[in-house]
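Reading through the structure tokens given below for one structure.
Nothing here was measured: the structure is a model prediction, and the numbers come from that model. To find a chain, count down the sequence lines: A is the first, B the second, and so on, and within it residues start at 1.
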Amino acid sequence: MFDQEKQALADKIEKFCQERGLPAKSLEWRDIPFRGEWGMAAPLFPLAAADPNRQVPVPQHAQFLAESLRTYLGDLPGFSRIEAVRGYLNLYFSPPEYAQKVVQLVLANGEGYGTRQGTGKATMVEYSNPNTHKPLHVGHLRNVILGGSIANILEASGKKVIRVNYIGDIGLHVIKWLCNYEKYHQGETPSEDKTRWMGDLFAEADRRFAYEDSFEAEVRAYFARWDARDPHILELWKQTRDWSMEGFAQVYDLLGERFDRIYFESEVEEPGKAVVEQLIKSGLAHDGRPEEPVIINLDELLGTKEEYRVVIILRSDGTSLYATKETPLAILKFTEYDLDQSIYVIDVRQSLHMKQIRKVLELMGYPWAEHIYHLAYEIVNLPGNVTMSSREGTVVLLDDLIREATNRALEIVRDKNPELSPQEMQAIAEAVALGSIKYPMLARENTKMVTFDWENALDFNGQSAPYIQYAHVRANSILRKAGMEQFEVPQFSYALQPSEINLIELLARLPDEIQRAAKELKPSLVANFAYDLAKVFNDFYNQCPVLNAEPAIREARLALVAAARICLAKVLTLLGIRAPEVM
RNA sequence: GCCCUUGUAGCUCAAUGGACAGAGCAGCAGCCUUCUAAGCUGUUGGUUGCAGGUUCGAAUCCUGUCAAGGGCGCCA
């Protein structure tokens, strides 16, 4: 933002160091942690520690250097004052200039503020990955939300992004479902809620499989028939798979997710078996059939001990496994696209598995194997550390949660905005409900477990999406009443309130926050920033009258509100949360 | 047994190796003739699991230890 000034400053500091025989270390600048006045700060401890002429303890010497430097620098253009405190050199920006630059920059870029155009090779993000014939619960939600947000953030940071969904449309779970359906529910068709109906039947099939030996045997036989491409089974499979896919489409539509490419497990099953043959031929895999499965003993091949373990790539009966299909999928991805990085958003329990797949691809000689990255996230549990399991009946279904949250939000909207049409009310309630469900899953670190509880999920107060959405609504409300679309170059030539300064500071930080979140693949950084931004905006809202301020101040503050609205909408969008105009 | 993750206020979580460790919820006391109170103000609450080490400086990095969760040959 102040590049020229910063460069001039760096030159002066370098000269200062040279004159005193100090190592020419560049100072590390950071924000000053005190709010209400802004600028940049540098600790002088490293320089003090490296000073050969130092005779007092480092902190004391750092303070001495800071003071010397302050005197040496004198008055600098663009900065209002310089101070030396506890070993830090603090430079304060000149408020009117800084404020104007920031607000103008935001307004000039609009929705594009803080984002860059996509250049270079693409980054692929694989996420959601639902299994057909199974219910969708809150646990699946974290994956979708996280993956979608990461894709958004990467895109905003200047990457080309390819969103990919890998659908588990085949495997033991599907065979179980089909076998159970044919035996006990022949000819039945799904009820209104297809996903739920499919899920209920899955739970039933899963129970039979676990507790009835005869059923298990039937399922195995059924799998063999699938393998032999029994036309009857293929037909049934296609039909039932479509039911699931229709249900998924509804959910993605509601959540606002879209994909550039959908891969099906079924499309890589045959290629996977070919890869297995190839691995056996090359000697990497050991074929123990018919008694034993086909395995790759990675530890033996690599000389490691209990690190990569053994990976099973084909069952002893020749049917495929998850690992059978993972290698051809990776090959397909890198064949279809020119990728810089291939990110897999998959829960942490599959860490070893992903590590094995990567290593197998590496051993097969694919140079891009190192560009595979497993983004591991922790699962969503229920209170008391109960894992969601459809078999145990310990799940919170997505449908139920969204419906309940929307109803609660609708009550509040009706109460607050009785003049709106039912359609408008519904749209707002949905935006609020989905936001409040999504936000807690994004605001934690990926590696931290999320415990779901109803009370929390339906709380629209405090650190939550509605809080941020509400700040956006307030900004929007002011602008609507002002009736302004265009803004003159704002003049902040009055005494700025601390809350105004804090707000402007956060607006200025937005681009860096996006970059950092993209680099670290952490939507939590954006989620927490969004809350900070909303909080600071609410402070401003309470302390600084806009519409009733005297003309010069009113104009500047309106521009600031417009800039804040843009940024609030921006961060919400990155999180996959809608920013309503009214609520 | 081997490996991974987590441990911060009563609860849920923040904190690019840097200044007094911050929010929300819960509790208590207040604020709607003033741009929407899904908001705001004040207040209570801490030996950052424990012990060492590295560093001018550690919640953050390293080692050990304790606790919780997860993974480890035919589920995905």
Side-chain angles (χ1 to χ4, degrees), chain A residues 28 30-34 41-46 48-50 54 57-62 85-88 90 129 131 168 171-173 265 288 292-295 297 305-317 319 321-323 325-326 346-353 355 376 378-379 381 385 387 409 412-413 416-417 432 436 440 443-445 447-451 453 455-456 459-467 469-471 473-482 512 516 519-520 524-525 528 531-532 535 538-539 541-549 557 561 582-583:
Chain A
E28 270 187 43
R30 60 191 69 247
D31 296 330
I32 299 175
F34 312 111
L44 288 171
F45 305 106
R54 177 173 66 89
V58 170
Q60 212 176 321
H61 193 56
V85 182
R86 307 179 67 173
Y88 290 82
N90 296 335
N129 299 6
N131 287 324
L172 193 58
H173 72 279
E265 275 191 45
E292 296 291 315
V294 182
I295 62 161
N297 192 331
K305 227 179 109 188
E306 291 193 80
E307 191 183 344
Y308 286 94
R309 311 274 167 166
V310 167
V311 54
I312 301 176
I313 56 174
L314 200 69
R315 285 198 188 87
S316 52
D317 64 5
T319 56
L321 290 155
Y322 181 69
K325 301 160 232 172
E326 224 24 82
I346 307 181
D347 82 59
V348 67
R349 294 173 298 189
Q350 291 183 46
S351 293
L352 174 62
H353 192 83
K355 191 170 147 186
E378 260 295 355
I379 58 169
N381 271 355
N385 198 25
T387 307
I412 300 173
V413 177
K416 296 190 60 165
N417 308 82
V432 169
S436 71
R444 285 150 183 56
E445 229 163 314
T447 48
K448 284 192 173 155
M449 193 124 39
V450 169
T451 301
D453 75 277
E455 201 183 326
N456 234 316
D459 186 2
F460 300 145
N461 299 313
Q463 187 167 4
S464 65
Y467 179 92
Q469 291 170 316
Y470 190 60
V473 164
R474 282 177 150 179
N476 192 60
S477 175
I478 291 176
L479 294 170
R480 194 177 55 240
K481 292 205 165 152
D512 285 347
R516 213 180 120 212
K519 194 171 156 232
E520 297 180 23
S524 62
L525 296 177
N528 288 317
Y531 174 71
D532 288 342
K535 183 161 184 58
N538 274 329
D539 283 348
Y541 183 91
N542 281 293
Q543 287 167 30
C544 302
V546 179
L547 296 175
N548 297 325
R557 283 185 178 160
V561 171
V582 180
M583 65 187 263

Once you round it to whole Å, what is the distance between [atom2] of [N] and [atom1] of [X]?
{"X": "A:Tyr531", "N": "B:C13", "atom1": "OH", "atom2": "C1'", "result": "11 Å"}
{"X": "A:Arg474", "N": "B:C35", "atom1": "CZ", "atom2": "P", "result": "10 Å"}
{"X": "A:Asp31", "N": "B:G22", "atom1": "CG", "atom2": "C1'", "result": "16 Å"}
{"X": "A:Asp459", "N": "B:C25", "atom1": "CG", "atom2": "P", "result": "7 Å"}
{"X": "A:Glu28", "N": "B:G17", "atom1": "CD", "atom2": "P", "result": "10 Å"}
{"X": "A:Met583", "N": "B:A37", "atom1": "CE", "atom2": "C1'", "result": "12 Å"}
{"X": "A:Asn538", "N": "B:U41", "atom1": "CG", "atom2": "P", "result": "9 Å"}
{"X": "A:Gln463", "N": "B:G24", "atom1": "CD", "atom2": "P", "result": "8 Å"}

| query | So what does A:Asn381 touch, heavy atoms closer than 4.0 Å: a base, only the sugar-phosphate, or nothing? | reply |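 No contact.
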| message | Does B:G73 count as syn, meaning its glycosidic angle lies within 90° of 0, or as anti? | response |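 Syn, angle within 90° of zero.
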| field | Syn/anti state for B:C32 [syn: chi within 90° of 0] | value |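 Syn.
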| query | Can you find a donor-acceptor N/O pair under 3.5 angstrom joining the side chain of A:Arg309 to the base of B:C3? | reply |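 Per atom types, no contact qualifies.
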Between [N] and [M], how far is it from one [atom1] atom to the other, in whole Å?
{"N": "B:U63", "M": "B:U54", "atom1": "C1'", "value": "11 Å"}
{"N": "B:C32", "M": "B:C13", "atom1": "C1'", "value": "31 Å"}
{"N": "B:A21", "M": "B:G46", "atom1": "C1'", "value": "9 Å"}
{"N": "B:U6", "M": "B:C50", "atom1": "C1'", "value": "16 Å"}

| Can you name the one residue among A:Met449, A:Arg444, A:Glu445 that meets side-chain contact (heavy atoms from CB on, under 4.5 Å) with A:Thr447? |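 Among A:Met449, A:Arg444, A:Glu445, the one that satisfies the side-chain contact (heavy atoms from CB on, under 4.5 Å) with A:Thr447 is A:Glu445.
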| request: Just compare B:C2, B:C40, B:C35 and give me whichever is closest to any side-chain atom of A:Ile478. | output: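 Among the listed nucleotides, the one closest to the side chain of A:Ile478 is B:C35.
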| message | If the test is side chain to side chain donor-acceptor pair (under 3.5 Å), which one of A:Gln350, A:Glu265, A:His353 qualifies with A:Tyr322? | response |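 Considering A:Gln350, A:Glu265, A:His353, a side chain to side chain donor-acceptor pair (under 3.5 Å) with A:Tyr322 is found only for A:Gln350.
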Please write out the pairs of protein N or O atoms and N or O atoms of nucleotides 9-12 of chain B separated by less than 3.5 Å, giving the distance to one decimal.
residue	atom	partner	partner atom	Å
B:U12	O2'	A:Arg444	NH2	2.7

| said: My understanding is that only residues two or more places apart in sequence, or in another chain, count here; which of them pass side chain to side chain donor-acceptor pair (under 3.5 Å) with A:Tyr308? | reply: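 By the side chain to side chain donor-acceptor pair (under 3.5 Å) rule, A:Tyr308 matches no residue at all.
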| field | Verdict with reasoning, A:Ile412 to A:Met583, per side-chain contact (heavy atoms from CB on, under 4.5 Å) | value | CA-CA 9 Å; A:Ile412 300 173; A:Met583 65 187 263; over 6 Å; no
| Are A:Asp317 and A:Arg315 close enough for a salt bridge, meaning some N to O gap below 4.0 Å? |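 No.
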| RNA chain B: stems of at least 3 consecutive Watson-Crick or G-U pairs whose donor-acceptor distances fall under 3.5 Å |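 The stems are B:1-7 with B:66-72, B:10-13 with B:22-25, B:27-31 with B:39-43, B:49-53 with B:61-65.
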